[in-house]
Amino acid sequence: MTNIGVFDSGVGGLWILKHLKAELPGYNYVFFGDQAHVPYGKRGMQEIKSFSEGITKFLISRNCKVIVIACNAASAASLKYLRAKFPEVIFVGMEPAIKKAVEVTDTKKVGVLATPATFQGELYNSIVERFAHDVSIFKDTCEGLVGQIEKGDLDGKGTREILEKALKPMIEKNIDTVVLGCTHYPFVIPMIKEIVGSSVNVIDPTGAIVRQVTRVLDENKLQSESREKSNTQIFTSGKTEDMEPILLKLFDGDIEVKKINWENDLGVNVLK
Ligand code: DGL
């Protein structure tokens, strides 16, 4: 059975993992959340690239043939580099769904929520250049939101304040579409919808990434015909209890999380 690796700075990628498992059940999954270094969004590109490389080596050591970079910031910093460095692996990366937003907006005004690393990346600028000619884009980095979601605070006052601060000025500018450019943010879609109202489209990239993974599996003749029971392993470089609240919400306590020590288990060997 093919092993699919999925990684993120933290719990955001678990949302994608849940949907991959539901749509593509005949695969084994190895998930890595780099909670020792979350948030990635405020870090430099080189640093994010080096973490992504370490994690990729770990996932390769666990026999992953396909690796989903379930993180916009890590994709911005490292997708191109990882594809060149590990040509034997099939990488699927993320980018903010600006193209989709341009297709659905009527007001020609679109809000994008993503971390600073994603906005700084070449990838983001090239998508805006290619697709957003006649559309005005309003950006916000939602300072502190990744931390709230890591804590499992999906509907508290602090989380609402961050989202209102980002979204209310966008609504005043007459946006009718919001792009979620960070894999942590789908966890707060209910609150985003409460703030922006039902007339605003909220674009969650999860469906598109699952379709893309399905496509690459087909193209590479990796369709699953296995009748064995698949398994999912979850690793964190942080504390296991940091991942447990969200893990419990998503998988009802079916999956256990194991601690990986960045220095000893991934460490120098892996990072070099
Ligand atoms: N989930 C990540 C993303 O999609 C980044 C969150 C962070 O660590 O800043 O960009």
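Throughout, residue positions are numbered sequentially from 1 according to the sequence presented. First listed ligand is number 1; within each ligand, the first listed atom is number 1.
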Apply ring pair (Phe, Tyr, Trp, His ring centres under 6.0 Å) to residues F7 and F31 and explain how you reach the verdict.
CA-CA 6 Å; F7 79 87; F31 178 86; 8.9 Å; no
Stepwise ring pair (Phe, Tyr, Trp, His ring centres under 6.0 Å) test for Y40 and F51
CA-CA 9 Å; Y40 275 8; F51 294 149; 5.8 Å; yes
Ring pair (Phe, Tyr, Trp, His ring centres under 6.0 Å), that's the test. Do F32 and F235 meet it? Break it down for me.
CA-CA 5 Å; F32 191 101; F235 297 93; 7.1 Å; no
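Salt bridge status for E143 with K165: absent, with no side-chain N to carboxylate O gap under 4.0 Å. A salt bridge links R160 with E194: the closest approach of a Lys/Arg side-chain nitrogen to an acidic carboxylate oxygen falls below 4.0 angstrom.
Annotation for ligand 1: atoms under 4.0 Å from non-hydrogen atoms of D8 are 1 (N), 2 (C).
Side-chain atoms of Q35 and S237 form no donor-acceptor pair, as typed in the model, at a separation below 3.5 Å. At a cut-off of 3.5 Å, with distance as the only test, no side-chain donor of T118 or N72 sits close to an acceptor on the other residue.
At a 4.0 Å cut-off, not a single heavy atom of G12 sits close enough to ligand 1 to count as contact.
Of the heavy atoms in T115, only side-chain atoms (C-beta onward) come closer than 4.0 Å to ligand 1. Residue-level proximity to ligand 1 for S9 is carried by the side chain, the only part with a heavy atom below 4.0 angstrom.
For atom 10 (O) of ligand 1, the closest non-hydrogen atom on the protein side is A73 N, 3.1 Å. For atom 7 (C) of ligand 1, the closest non-hydrogen atom on the protein side is Y40 N, 3.3 Å. Looking at atom 3 (C) of ligand 1, its nearest protein heavy atom turns out to be N72 N, 3.2 Å. The nearest protein atom to atom 2 (C) of ligand 1, hydrogens excluded, is given as C71 SG, 3.3 Å; this is a heavy-atom distance. At the top of the distance list for atom 9 (O) of ligand 1, counting protein heavy atoms only, stands G41 N, 2.8 Å.
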